[in-house]
Amino acid sequence: MARVVEIDDAADPRLADFRDLARADRRPDRPGGRGLVLAEGTVVVRRLLASPYPPRALLGVGRRIEDLAPDLAGVDVPAYVTDADTMAHVVGFHLNRGVLASADRAPAPDLAGLLARARRVAVLEGVNDHENLGALFRNAAALGVDAVLVGPGCADPLYRRSVRVSMGHVLRVPFVPCELDEAVTALREAGFVLGALTPAGDPGALAGLADRERVALLLGAEGPGLSAAALAAADVRVRIPMAGDVDSLNVATAAAVAFHATAGVLVPGGRATP
């Protein structure tokens with residue numbers, strides 16, 4: 001059971017995991033800093049507690065810690081309880097959701113082993129907006145994507161904003177940071193067909209990928225899109241058919257459409273099946 005500890009001093013050193021979250025140079029969730037994972041709100045904290053990421057501590061108002069009591073029954077971490085004003089002084093802003101949890105990062109999965117168990121994979125290049133990245137992971141979880149390969153130029157999926165926008169699903173969808181060449185080689189060895197999403201792609205090709213046993217969808221940043229190297233590595237270039245003179249979608253939205261189009265049959269509470 002979590003150890004509930006009452007705290008009324010914002011300067012208490014035990015709250016270091018949650019301090020100054022508004023300060024970019026001090027944030028504990030920066031990869032160049034302490035590299036912690038931070039979950040915000042009861043829903044996301046629950047998903048953190050159920051994830052492979054080892055929890056370190058919680059900080060919240062009494063009501064939110066009480067809400068999480070069933071989830072904390074088997075967790076041996078401190079749960080610091082304080083009032084909203086003290087919490088705001090620690091964090092650096094008023095936190096409407098009333099609770100935070102910190103965790104250490106889990107080791108990245110083995111790429112070859114991960115792909116051996118996967119049917120649908122997203123490969124990201126240059127997706128550098130944390131909110132887009134979080135939304136993309138939420139879509140991946142909902143639409144049967146088994147893994148995400150995080151390529152060059154991407155934001156950190158475990159940054160607090162990404163975790164929050166993903167509703168904690170970034171903590172359950174396995175991902176591996178890797179270079180483009182490494183990703184392409186591993187995908188080909190595992191028997192994946194590579195489809196690159198681009199406004200210059202074939203609008204009829206996306207439907208054809210739904211029948212393939214293993215598909216990897218390449219997605220690039222908004223604006224520049226995929227690099228020439230990524231486009232050259234793809235087996236097929238695909239475009240989402242759109243009406244009027246609209247030629248592109250937000251990357252997370254485009255990913256959702258492509259994930260759904262290639263998902264097969266989605267099983268409630270489970271994964272996609274061919």
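You'll find the side chain of I240 reaches within 4.5 Å of the side chain of L197, heavy atoms only. By the 4.5 Å heavy-atom criterion applied to side chains, L38 and S102 are counted as neighbours. Side-chain contact between M87 and L59 is present, with at least one heavy-atom pair separated by less than 4.5 Å. Side-chain atoms of V90 and D20, non-hydrogen and from C-beta on, never get closer than 4.5 Å to each other.
Counting non-hydrogen atoms of other residues, nucleotides and ligands closer than 6.0 Å to CZ of R63 gives a total of 12 or fewer. Counting heavy-atom neighbours within 6.0 Å of D8 CG, excluding the residue itself, gives a total of 12 or less. Crowding of R164 atom CZ: a count of heavy atoms from other residues, nucleotides or ligands under 6.0 Å exceeding 12.
When all heavy atoms of P55 and V77 are compared, the pair lying nearest together is O-CG1, 3.4 Å. Nearest heavy-atom pair, A210 versus A261, reported as atom, atom and distance to 0.1 Å: CB-O, 3.2 Å. The shortest heavy-atom contact between D9 and L15 is O-CD1, 4.1 Å. What you find for V150 and P157 is that their closest heavy atoms are CG2-CG, 4.0 Å.
To the nearest 0.5 Å, atoms OG1 (T42) and CZ (R47) are separated by 10.0 Å. How far NE2 of H89 is from CG of D83: 10.0 Å, rounded to the nearest 0.5 Å. Put simply, CZ on R214 and CG on L115 are 8.0 Å apart, with the number rounded to the nearest 0.5 Å. Summarising the geometry, atom CG belonging to L226 is positioned 9.5 Å from atom CG belonging to L124; distances are rounded to the nearest 0.5 Å.
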Item checked: ring-ring contact (aromatic ring centres under 6.0 Å, His included) assessment of Y159 paired with H130 -> CA-CA 7 Å; Y159 189 75; H130 291 100; 4.0 Å; yes

Margin query: If you apply the rule ring-ring contact (aromatic ring centres under 6.0 Å, His included), what do you find for F18 with Y80, and how did you get there?
Written below: CA-CA 11 Å; F18 310 104; Y80 300 115; 7.3 Å; no

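In the hydrophobic clustering of this structure, L48 does not group with L58; members are Ile, Leu, Val, Met, Phe, Trp, Tyr whose side-chain heavy atoms approach within less than 4.5 Å, directly or through other members. V127 and L217 fall within a single hydrophobic cluster, where Ile, Leu, Val, Met, Phe, Trp and Tyr are joined by side-chain heavy atoms under 4.5 Å apart, directly or via other members.
The side-chain contact (heavy atoms from CB on, under 4.5 Å) with L149 is formed by just one residue from the set L180, V123, L218; it is V123.
Salt bridge annotation for D146-R119: absent, with no cationic side-chain nitrogen under 4.0 angstrom from a carboxylate oxygen. A salt bridge does not link R239 with D202: none of the charged nitrogens is closer than 4.0 Å to a carboxylate oxygen. At a threshold of 4.0 Å, the pair D71-R46 counts as salt-bridged, since one of the basic side-chain nitrogens sits closer than that to a carboxylate oxygen. A salt bridge links R105 to D156: at least one charged side-chain nitrogen sits closer than 4.0 Å to a carboxylate oxygen.
Remark: the E125 side chain and the S227 side chain contain an N/O donor-acceptor pair separated by less than 3.5 Å.
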